[in-house]
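Notes for the one structure printed next.
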Amino acid sequence: MKGMSLLKQLEINWFVPGPVPVDDEILKAMVHQPCYHRSSDMHSLLEGINQNLQWLFKTKNSVFISTSSASAVMEASLRNLVGNRALCVINGSFGQLWQKMARSNGIQAASVYFELGKEADPEKIAKELQSRHYDVVTVVHTESSTGVQNPLEAIAAVVRLYPDTLLVVDAVSSFLTTPIDVDVLGIDVCITASQKGLALPPGLAIFSVSERALRRAARIENRGYYLDFLRFRDYYKLSETPNTPSVNLLYALAVRLEGLRRSGVGAEIRRCEEMAETCREWAKQRFALFPDERFAASALTVIKNVKSVSIPELNQFLRPRGFQIADGYAELKSQTFRIGHMGAVTKEKLTTLLDAIDSFLKEKKLL
Ligand SMILES: *Cc1c(COP(=O)(O)O)cnc(C)c1O
């Protein structure tokens with residue numbers, strides 16, 4: 001069977017910034033009949049999931065689940081919450097994506113720019129907020145194109161001085177790789193996706209929405225239908241989702257959340273931080289880090305390709321050894337490459353990967 005042999009080929013360790021490897025236990029949880037999404041079985045399933053998600057997001061806000069990738073909810077946040085104008089904090093491709101999404105929906109979006117590889121400076125954001133009113137500020141926590149983890153606490157503190165300005169955080173790749181305390185920071189919308197730190201297969205976007213944000217949405221006329229936050233809220237109260245969800249992914253999510261309850265979020269985050277540390281030390285000896293090290297992310301390491309290695313060739317070398325990494329993102333495509341260390345990867349496997357890259361470098365007489 002051709003399909004099966006393709007699937008066999010995919011049994012490798014993907015050290016990329018999503019999708020990330022998933023534990024077998026989680027994959028197995030999906031191999032059950034999908035239940036009817038308006039049944040009491042679904043209600044029990046979602047009651048448990050919803051409670052655990054509030055615990056995980058450290059919030060009293062509702063945490064909604066959308067069967068989509070994160071981008072759908074990014075766009076929905078803009079449509080649901082911006083009456084006049086958004087401010088997009090941009091220091092990489094994902095920050096830029098927010099502005100693109102706003103504009104393609106006819107929403108005015110100004111920006112504060114920072115150099116690629118540098119962190120977003122809260123003072124510059126403060127200045128912009130002083131100069132005019134914004135309905136929403138969008139901030140990417142970990143900018144997956146540059147490997148910068150923005151100083152979210154300091155940025156949140158600045159935005160919180162403006163009670164009518166909602167803080168929308170793209171925590172898609174930072175979630176579960178570094179602590180995020182939604183209520184302490186006062187985040188109005190915090191978005192992540194199943195295929196990153198949560199270490200589930202792709203297909204779910206998970207996002208908390210504050211009461212304040214829901215009140216705002218109620219005043220926005222054309223906020224769309226399918227991803228209307230108020231519909232999410234109404235169905236949430238029934239322990240349902242507005243439309244048919246990916247039921248089998250919800251099984252996986254339930255099992256994953258129970259696992260996190262047992263092992264603790266701290267342990268998960270420490271594991272990721274340790275791998276990042278290992279990866280950075282290796283990268284500094286062999287290449288150089290792309291981001292300023294003080295703001296280097298724990299989700300992924302973005303490495304300056306100072307040896308001008310061909311990343312496709314490197315990946316060809318790695319494949320039979322059971323590994324794949326990611327090339328640079330957008331304009332950083334050949335200047336950098338990226339090693340993701342989220343999800344069900346271990347330090348042992350990371351070390352084996354780095355050794356394999358060393359073998360490649362030796363073969364090329366670059367080490
Ligand atoms: C992956 C990622 C996204 C996009 O997520 P999708 O689930 O592919 O839509 C957005 N922002 C950041 C920072 C990401 O890493």
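We count residues from 1, following the sequence as given. What you see is a predicted model; the values in this text were computed from it and never measured. Whatever order the structure lists ligands and atoms in, that order sets their numbers, starting from 1. Just so you know, these numbers use all the heavy atoms, side chains as well, and skip hydrogens, waters and symmetry mates.
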Proximal atoms of ligand 1 relative to V140 (non-hydrogen, under 4.0 Å): 13 (C)

What is the nearest protein non-hydrogen atom to atom 11 (N) of ligand 1, stated with its residue, atom name and distance? D170 OD2, 2.8 Å

May I ask you to decide if the ring planes of F207 and F229 are parallel, tilted or perpendicular, using 30° and 60° as cut-offs? tilted

Heavy-atom contacts with T142 under 4.0 Å: which atoms of ligand 1 show up? List them by number with element. 13 (C)

Counting each atom of ligand 1 from 1 as listed, which ones have a heavy atom of M74 under 4.0 Å away? 10 (C)

Could you list the atoms of ligand 1 found under 4.0 angstrom from a heavy atom of S173? 13 (C), 15 (O)

Would you check if the side chain of D121 reaches a backbone N or O of F114 as a donor-acceptor pair within less than 3.5 Å? no

Would you say the side chains of T301 and H341 form a donor-acceptor pair under 3.5 Å? yes

Taking ring-ring contact (aromatic ring centres under 6.0 Å, His included) as the test, write out the residues that go with F337, two or more places apart. F287

Check whether the side chains of Q96 and Y113 place a donor and an acceptor atom closer than 3.5 Å, and report yes or no. yes

Between ligand 1 and S144, is the shortest N or O to N or O distance under 3.5 Å? yes

Mark the output for K196 as yes if a heavy-atom distance to ligand 1 is under 4.0 Å, and as no if none is. yes

In terms of side-chain heavy atoms, does Q316 have a donor or acceptor partner in E313 at a distance below 3.5 Å? no

Near S69, which atoms of ligand 1 are under 4.0 Å from a heavy atom of that residue? 6 (P), 7 (O), 8 (O), 9 (O)

Closer than 4.0 Å to some heavy atom of Q195 - which atoms of ligand 1 meet that? 6 (P), 7 (O), 8 (O)

Regarding D183 and K58, does a basic nitrogen lie under 4.0 Å from an acidic carboxylate oxygen? no

Nitrogen or oxygen of F94 less than 3.5 angstrom from that of ligand 1: no

Considering non-hydrogen atoms of the protein only, which is the closest contact for atom 4 (C) of ligand 1, and what is the distance? S71 OG, 3.8 Å

Is there a donor-acceptor contact under 3.5 Å linking the side chains of S173 and S144? yes

Residue and atom name of the nearest protein heavy atom (relative to atom 5 (O) of ligand 1), distance in Å to one decimal: A70 CB, 3.6 Å

